[in-house]
Amino acid sequence: MTDEEINDEIMTLIFAGTDTTVTATCFTLLMLAKNQDIQEKVYEEINTVFSGDKNESAEVSELAKLKFLDQCIKESLRKLSIVPLVERRVTNDVVLSDGRVVPTGSNLILSIYAVHNNPQYYPDPQVWNPYNFDEDKVAQRPNHAFIPFATGLRQCIGNKFAMISMKVFISKILQNFKLTTDQTEFQFDYYLIVRCRNGYHIKFEERSKEKKTDT
């Protein structure tokens, strides 16, 4: 790769990833605020991994141990499907299971939203449920039943960076604050990426104090 191509890839990683990562993080925080039992389970996991030290730097090896937080983030990526559609150009004829042929040169639009909300793979798909990503349930689904970063050679190059950054941010937030919300209505606008039309109404309560702050 040339220096210009490397620069382009890095810019794509940083700028294209920022908006989607922020949206997924905010939605996950909102769902944790809405589901207190799940938030408490994530909080206990974080304290176990970091030994209750709020100032400890997060190492990649430690983040990998946050299994249930990982499930919560993945469920948000499934439920929200931040990038709902991707387009691909067919480079070789593809024969479908029913015998039909997708010819070379065709443009295909894949609905990630439809895949993630297929009740064949996710019972009650409109319900945010991190237990959808229990190991045994994941093993029962096809590999491509969860594709928040698309798949194949053209999948998002920042998928690992996005997951790490979301784990760092959410874990540090929950170490220091208990989240609550009275938001019951969620309206979404579907453009190039999904946005929550009515925002994220979350209260942050310091775990060491009674003082509350709103965002």
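Scope of the values below: all heavy atoms of this structure, side chains included, with no hydrogens, waters or symmetry mates. Count residues from 1 along the sequence.
Screening Leu108, Asn107, Val101 against Val90 for a side chain to side chain contact (heavy atoms under 4.5 Å, CB included) leaves a single residue, Leu108.
Panel note: side chain Thr2, backbone Glu5; a donor-acceptor pair is recorded below 3.5 Å. For Arg78 (side chain) and Ala145 (main-chain N/O), no donor-acceptor pair under 3.5 Å exists by modelled atom type. Between the side chain of Gln39 and the backbone N or O of Leu32, at least one donor-acceptor pair lies under 3.5 Å. With hydrogens and angles ignored, the 3.5 Å screen pairs a side-chain donor or acceptor of Asn176 with a backbone N or O of Lys172. Side chain of Lys65 to backbone of Val49: no donor-acceptor contact under 3.5 angstrom is found.
Asn132 places none of its side-chain heavy atoms less than 4.5 Å from the side chain of His116. Proximity of Tyr122 to Phe133: side-chain heavy atoms (C-beta onward) are separated by under 4.5 Å at one or more points. Annotation: side chain of Leu80 is in contact with side chain of Thr23 (closest heavy-atom distance under 4.5 Å). Side-chain contact between Val115 and His144 is absent, with no heavy atoms from C-beta onward closer than 4.5 Å. A 4.5 Å side-chain heavy-atom check between Gln183 and Leu30 finds at least one atom pair inside the cut-off. Two residues are said to be in side-chain contact when any heavy atoms from C-beta on lie closer than 4.5 Å; Val138 and Phe146 fail this criterion.
Summarising the geometry of Gln187 relative to Glu185, their closest heavy-atom pair is NE2-OE2, 2.7 Å, with the distance given to 0.1 Å. Heavy atoms only, all atoms of each residue included: Leu179 and Gln36 are closest at O-NE2, 2.7 Å. Residues Ile202 and Ala33 approach most closely at CG2-CB, 4.2 Å, considering heavy atoms. In terms of heavy atoms, His201 sits closest to Asn198 at NE2-O, 2.8 Å. Heavy atoms only, all atoms of each residue included: Lys67 and Glu45 are closest at N-OE2, 3.0 Å.
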Hey, mind stepping through Asn129 and Asp124 against side-chain contact (heavy atoms from CB on, under 4.5 Å) and telling me if it holds?
CA-CA 9 Å; Asn129 176 18; Asp124 299 319; over 6 Å; no
As a quick check of understanding, evaluate ring-ring contact (aromatic ring centres under 6.0 Å, His included) for Tyr131 and Phe68, giving each step before the final call.
CA-CA 9 Å; Tyr131 297 102; Phe68 192 61; 5.5 Å; yes
Run Asp37 and Lys41 through salt bridge (charged side-chain N to carboxylate O under 4.0 Å, His left out) and show every step you take.
CA-CA 6 Å; Asp37 56 331; Lys41 184 173 180 178; over 6 Å; no
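The 12-atom threshold is exceeded at CG of Asp189, counting heavy atoms of other residues, nucleotides or ligands nearer than 6.0 Å. Sparse packing is recorded around CZ of Phe169, with 12 or fewer heavy atoms of other residues, nucleotides or ligands lying under 6.0 Å away. Heavy-atom contacts from other residues, nucleotides or ligands closer than 6.0 Å to CZ of Arg100 number 12 or fewer. In Lys137, the NZ atom is crowded: over 12 heavy atoms of neighbouring residues, nucleotides or ligands sit closer than 6.0 Å. Residue Glu135 places its CD atom among 12 or fewer non-hydrogen atoms of other residues, nucleotides or ligands, all under 6.0 Å distant.
Note that OG1 of Thr180 is 7.0 Å distant from CD of Glu205, once rounded to the nearest 0.5 Å.
Checked against the 6.0 Å centroid criterion, the rings of Tyr200 and Phe186 do not qualify as a close aromatic pair.
A donor and an acceptor atom, one from each side chain of Gln126 and Asn117, are located under 3.5 Å apart. In this model, a donor atom of one side chain and an acceptor atom of the other lie less than 3.5 Å apart for Gln71 and Asp134.
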